[in-house]
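The structure under discussion appears below in the form of structure tokens.
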Amino acid sequence: MQLEIRPDPAEVGRARRWARSRFAGLGIAADEPLAETLILLVSELVTNAVVHTGCPAVLRLSLPGAQSGADPSATVRVEVADTSSRAPVPRCARSDATGGRGLALVDCLADRWGWSPEGAGKSIWCELDRCSPPQEETPRRGAELAYGGGLSAYEGLAFEAV
């Protein structure tokens, strides 16, 4: 399922509402922790597309087997495709900066993420495995890494999707 996004910051809220309204069809309960994590991931990826490209984009949500009853161990994929061919570029975000941490946050929350060329543009995606234990039980980097606390594989770099 997909939603077309205009290059307007108001679209971020619309994308969150749309995604939340689709969760039942994907077998995800509104009060499930996965739902809140997915909303944050949708918000970050759509914000990157709207703010950094100024181009229309397409938000896609997918869960294999959603039509025939969701497999509780299935992977949920959030993908945003835009018409900008520029790859995500690392940039440093100072501790007092108000932006520049979106993809670092995606890296902390998603089980996997990446990007690939798509047509004349690109697609940035992330995946969550539904069988993953809740964040507090997982020995993972926390969101604090996205905000400057602790060491990261990115050594203090934040990512900007352009």
Problem - Flag side-chain contact, heavy atom, 4.5 Å: R14 against L3 - result: yes
Fill in the blank from the handout: Closest non-hydrogen contact found for L59 with A15 is CD2-CB, 3.9 Å
Problem - Verdict with reasoning, R60 to E118, per salt bridge (Lys or Arg N to Asp or Glu O under 4.0 Å) - result: CA-CA 13 Å; R60 298 180 189 119; E118 182 174 301; 3.0 Å; yes
Exercise for the section: Report yes if the side chains of D129 and V76 come closer than 4.5 Å at any heavy-atom pair, otherwise no. Expected result: no
Handout entry: Set of residues satisfying side-chain hydrogen bond (donor to acceptor under 3.5 Å, both in side chains) with respect to T83, sequence neighbours excluded
Key = none
Fill in the blank from the handout: Value for CD1 (I5) from SG (C55), rounded to nearest 0.5 Å, stands at 13.5 Å
Practice task
Check the hydrophobic clustering (I, L, V, M, F, W, Y; side-chain heavy atoms under 4.5 Å; chains of links allowed) and say if L61 and L128 are grouped together.
Solution key: yes
Completion exercise
d(I28 CD1, L34 CG) to nearest 0.5 Å is 4.5 Å
Exercise for the section: Quick one: pull up CG in L103 and CG in N48 and give me the separation to the nearest 0.5 Å. Expected result: 4.5 Å
Fill in the blank from the handout: Across all chains, not counting sequence neighbours, the salt bridge (Lys or Arg N to Asp or Glu O under 4.0 Å) partners of E127 are R77, R112
Handout entry: Under 3.5 Å donor-acceptor, T47 side chain and S43 backbone
Key = yes
Practice task
Could you tell me whether the side chains of D82 and T53 share a donor-acceptor contact shorter than 3.5 Å?
Solution key: no
Problem - Residue list, side-chain contact (heavy atoms from CB on, under 4.5 Å) with A29, at least two apart or on another chain - result: D31, E32
Completion exercise
Residues pairing under salt bridge (Lys or Arg N to Asp or Glu O under 4.0 Å) where one sits in residues 15-25, two or more places apart or in two chains, turn out to be R20-E36
Problem - Where at least one partner belongs to residues 47-58, residue pairs that pass salt bridge (Lys or Arg N to Asp or Glu O under 4.0 Å), sequence neighbours excluded - result: none
Exercise for the section: Find the distance between CD1 (I39) and CZ (F23) and round it off to the nearest 0.5 Å. Expected result: 4.0 Å
Fill in the blank from the handout: Output for pair (E44 CD, C108 SG), nearest 0.5 Å, gives 11.0 Å
Handout entry: Residues which pass salt bridge (Lys or Arg N to Asp or Glu O under 4.0 Å) with D96, listed by chain and number, not counting sequence neighbours
Key = R94
Exercise for the section: Check whether any side-chain heavy atom of E79 sits under 4.5 Å from a side-chain heavy atom of S123, and report yes or no. Expected result: yes
Practice task
Write down the atom of A35, the atom of A30, and the distance for their closest heavy-atom approach.
Solution key: CB-O, 3.7 Å
Completion exercise
Interatomic distance, CG@L105 vs SG@C126, rounded to 0.5 Å, equals 10.0 Å
Handout entry: Note, V80 side chain near V58 side chain (heavy atom, < 4.5 Å)
Key = no
Practice task
Using atom types as modelled and distance alone, determine if a side-chain donor or acceptor of K122 lies under 3.5 Å from a backbone N or O of W115.
Solution key: no
Problem - Single-linkage hydrophobic cluster V12~L40, side-chain heavy atoms < 4.5 angstrom - result: yes
Practice task
Could you please spell out the steps behind the side chain to side chain contact (heavy atoms under 4.5 Å, CB included) verdict for W18 and E11?
Solution key: CA-CA 10 Å; W18 177 84; E11 290 289 270; over 6 Å; no
Practice task
Give a yes or no on whether M1 and L38 share a hydrophobic cluster (residues Ile, Leu, Val, Met, Phe, Trp, Tyr; joining criterion: side-chain heavy atoms under 4.5 Å apart).
Solution key: yes
